[in-house]
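What follows is a short report on a single structure.
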Amino acid sequence: MKHYLQFSDFSAGEYHYLFERAAAIKAKFKGYEKYHPLSDRTLAMIFEKASTRTRVSFEAGMYQLGGSVVHLTTEGSQLGRAEPIEDSAKVISRMVDLVMIRTFEQTKIEAFAANSRVPVINGLTNEFHPCQILADIFTFIEQRGSIAGKTVAWVGDGNNMANTWLQAAELLDFRVHVSTPRGYEIDEKLAVGPRGTSAGSYQFFSDPMDACRGADLVTTDVWTSMGFEAENEERRRAFADWCVDEDMMALAQPDALFMHCLPAHRGEEVTAEVIDGPQSVVWDEAENRMHVQKALMEYLLLGRVA
């Protein structure tokens with residue numbers, strides 16, 4: 001049994017397999033071909049952090065694979081309130097086949113997984129967002145081919161997305177140009193990959209324009225992640241120069257892509273001209289969450305099938 005709690009949980013070979021399976025499963029979906037390998041399997045989705053894309057992509061994806069879904073929130077269950085996480089894990093994992101958790105601290109999902117009899121998937125924590133980066137890299141491969149040897153520019157907060165990009169770069173042999181405001185840097189301890197270091201996979205730039213220079217992909221996220229709303233005004237001031245605009249994109253490769261995990265705030269972390277422009281693939285990226293997660297759930301429950 002395997003869990004998927006951060007990007008470094010899988011090997012490069014496993015990712016190559018998942019990208020191939022995601023493409024095959026997406027082709028079935030686009031061709032209206034019924035594919036129900038997870039018939040009679042049940043996914044429990046546990047949300048401490050609210051979500052639109054995570055819920056829809058996992059729920060629709062599981063139904064499309066022939067399975068069923070149980071939706072839980074902390075308000076509607078005992079998780080983390082009157083009942084310890086460890087006890088909830090022991091009970092819930094006896095009743096379902098797979099668990100997806102979207103929560104705050106990574107330690108919570110690790111505690112749940114340590115006591116679970118079924119695979120656990122990280123739908124997002126404060127520290128990591130592996131399913132999103134899985135979708136982002138798959139989207140890049142669809143649009144431009146292999147990401148190996150390419151350069152990704154991360155402009156903005158040194159958050160869970162940035163941490164996960166660094167883990168992915170270490171595994172899949174590409175580079176990340178990181179530019180964050182002072183005080184919002186990446187915590188490299190969180191970004192350490194399976195080879196023990198991420199230092200060879202990324203370079204820090206104090207100027208976001210320099211980070212974008214020559215990049216094959218420019219990507220960003222909201223300036224204030226969920227749970228940090230009290231810092232919103234302070235962050236707006238600190239991040240004022242980290243808005244991805246047409247000038248930044250002009251410094252990237254001519255065929256560079258723009259990505260954003262959404263929801264986006266036009267005029268803050270990205271201009272409308274960029275996110276709604278010809279280099280943006282954010283809508284393909286959003287849809288691909290569903291397809292890569294279907295491949296992930298199939299793999300966790302059935303292993304390699306092709």
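Only this structure's heavy atoms are used, side chains among them; waters, hydrogens and symmetry mates stay out.
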Could you state the interatomic distance from CG (Leu72) to OG (Ser88), rounded to the nearest 0.5 Å? 9.5 Å
Do the side chains of Tyr63 and Leu43 get nearer than 4.5 Å, heavy atoms only? no
Angle class for the Phe7/Tyr15 ring planes (parallel below 30°, perpendicular above 60°, tilted otherwise)? parallel
Does a donor on one side chain sit under 3.5 Å from an acceptor on the other, for Lys49 and Asn126? yes
Does any non-hydrogen side-chain atom of Arg21 lie less than 4.5 Å from one of Tyr299? no
Residue that, paired with Glu287, satisfies salt bridge (Lys or Arg N to Asp or Glu O under 4.0 Å) out of Lys30, Arg53, Lys294: Lys30
CD-CG distance between Glu110 and Asn115, expressed to the nearest 0.5 angstrom: 12.0 Å
Same cluster (ILVMFWY, side-chain, under 4.5 Å), Met290 and Val282: no
Separation between OG of Ser57 and CD of Glu59, rounded to the nearest 0.5 Å: 10.0 Å
Just wondering, do Phe58 and Val69 contact through their side chains at under 4.5 Å, heavy atoms? no
Supply the atom-to-atom distance Met259 CE to Ile133 CD1, rounded to the nearest 0.5 angstrom. 9.5 Å
Are any of the side-chain heavy atoms of Ile275 and Leu262 separated by less than 4.5 Å? yes
Relative to Tyr17, does Arg304 satisfy both conditions: NZ or CZ under 6.0 angstrom from the six-membered ring centre, and within 45 degrees of the ring's axis? yes
Measure from the side-chain N and O atoms of Asp245 to the backbone N and O of Thr271, and report whether any donor-acceptor pair falls under 3.5 Å. no
Using the side-chain hydrogen bond (donor to acceptor under 3.5 Å, both in side chains) rule, collect all pairs that involve residues 247-258, keeping only residues at least two apart or in two chains. none
Trp242-Ile186 co-clustered via ILVMFWY side chain contacts under 4.5 Å: no
Check whether any side-chain N or O of His177 sits under 3.5 Å from a backbone N or O of Ala211 as a donor-acceptor pair, and report yes or no. yes
Identify the two heavy atoms, one from Leu98 and one from Met297, that lie closest to each other, and give their separation to 0.1 Å. CD2-CG, 3.4 Å
Exercise: identify the closest heavy-atom pair between His129 and Gly123: CE1-O, 3.3 Å
Sequence neighbours left out, what passes side-chain hydrogen bond (donor to acceptor under 3.5 Å, both in side chains) with Ser146? Give chain and number order. none
With distance as the sole criterion, is a donor-acceptor pair present between the side chains of Arg182 and Ser206 under 3.5 Å? no
Is there a path of hydrophobic side-chain contacts, each under 4.5 Å between heavy atoms, that joins Val274 and Leu251? yes
Would Tyr4 and Glu14 count as having a side-chain donor-acceptor pair, cut-off 3.5 Å? no
Side chain to side chain contact (heavy atoms under 4.5 Å, CB included) evaluation trace for Asp216 with Phe140: CA-CA 9 Å; Asp216 301 283; Phe140 186 91; 4.1 Å; yes
Nearest atoms (heavy-atom pairs only) where Ser116 meets Ser93: OG-CB, 3.4 Å
So which heavy atom on Asn160 is nearest to which on Thr125, and how close? ND2-O, 2.8 Å
Verify the distance criterion only: is there a donor paired with an acceptor across the side chains of Ser68 and Thr42 at less than 3.5 Å? yes
Is the closest side-chain heavy-atom distance between Asn288 and Glu142 below 4.5 Å? yes
Student check: side-chain heavy atoms of Ile147 and Phe19 closer than 4.5 Å: no
Could you state whether Phe239 and Met209 fall into the same hydrophobic cluster, counting links through intermediate Ile, Leu, Val, Met, Phe, Trp or Tyr residues with side-chain heavy atoms under 4.5 angstrom apart? yes
Could you tell me whether the side chains of Thr220 and Glu269 share a donor-acceptor contact shorter than 3.5 Å? no
Closest non-hydrogen atom pair, Ala256 against Ala252: CB-CB, 3.6 Å
Less than 4.5 Å apart, side chain to side chain, heavy atoms only: is that true for Asn122 and Gln106? yes
For the hydrophobic clusters of this structure (ILVMFWY residues joined by side-chain heavy atoms under 4.5 Å, transitively), does one cluster hold both Leu172 and Tyr202? yes
Would you check if there is a donor-acceptor pair between the side chains of Asp136 and Gln132 at a distance under 3.5 Å? yes
Is it the case that the side chains of Glu285 and Thr139 hold a donor-acceptor pair, with the cut-off being a distance below 3.5 Å and no angle test? no
What's the verdict on side chain to side chain contact (heavy atoms under 4.5 Å, CB included) for Val292 and Ile137, showing C-alpha distance, side-chain angles and the deciding distance? CA-CA 10 Å; Val292 296; Ile137 295 173; over 6 Å; no
Within the 4.5 Å heavy-atom criterion, are Ile109 and Phe128 side-chain neighbours or not? no
How long is the straight-line distance from CD of Gln143 back to CZ of Phe138, given to the nearest 0.5 Å? 10.0 Å
CA sep, side-chain torsions, deciding dist, call: Thr164, Gln6, side chain to side chain contact (heavy atoms under 4.5 Å, CB included): CA-CA 7 Å; Thr164 310; Gln6 52 185 292; over 6 Å; no
For Ala113, the side-chain contact (heavy atoms from CB on, under 4.5 Å) test, sequence neighbours excluded, returns His3, Leu5, Val120
Evaluate the criterion side chain to side chain contact (heavy atoms under 4.5 Å, CB included) for residue pair Lys108 and Ile101; output intermediate values, then yes/no. CA-CA 9 Å; Lys108 287 187 176 182; Ile101 302 177; over 6 Å; no
Does the ring centre of Phe29 sit less than 6.0 Å away from the ring centre of His291? yes
From Glu105 CD over to Glu127 CD, what is the distance, rounded to the nearest 0.5 angstrom? 7.0 Å
Between the main-chain N or O of Ala169 and the side-chain N or O of Arg175, is there a donor-acceptor pair closer than 3.5 Å? no
Closest non-hydrogen atoms of Ser8 and Leu171, given as atom of the first, atom of the second and distance, are CA-CD1, 4.0 Å
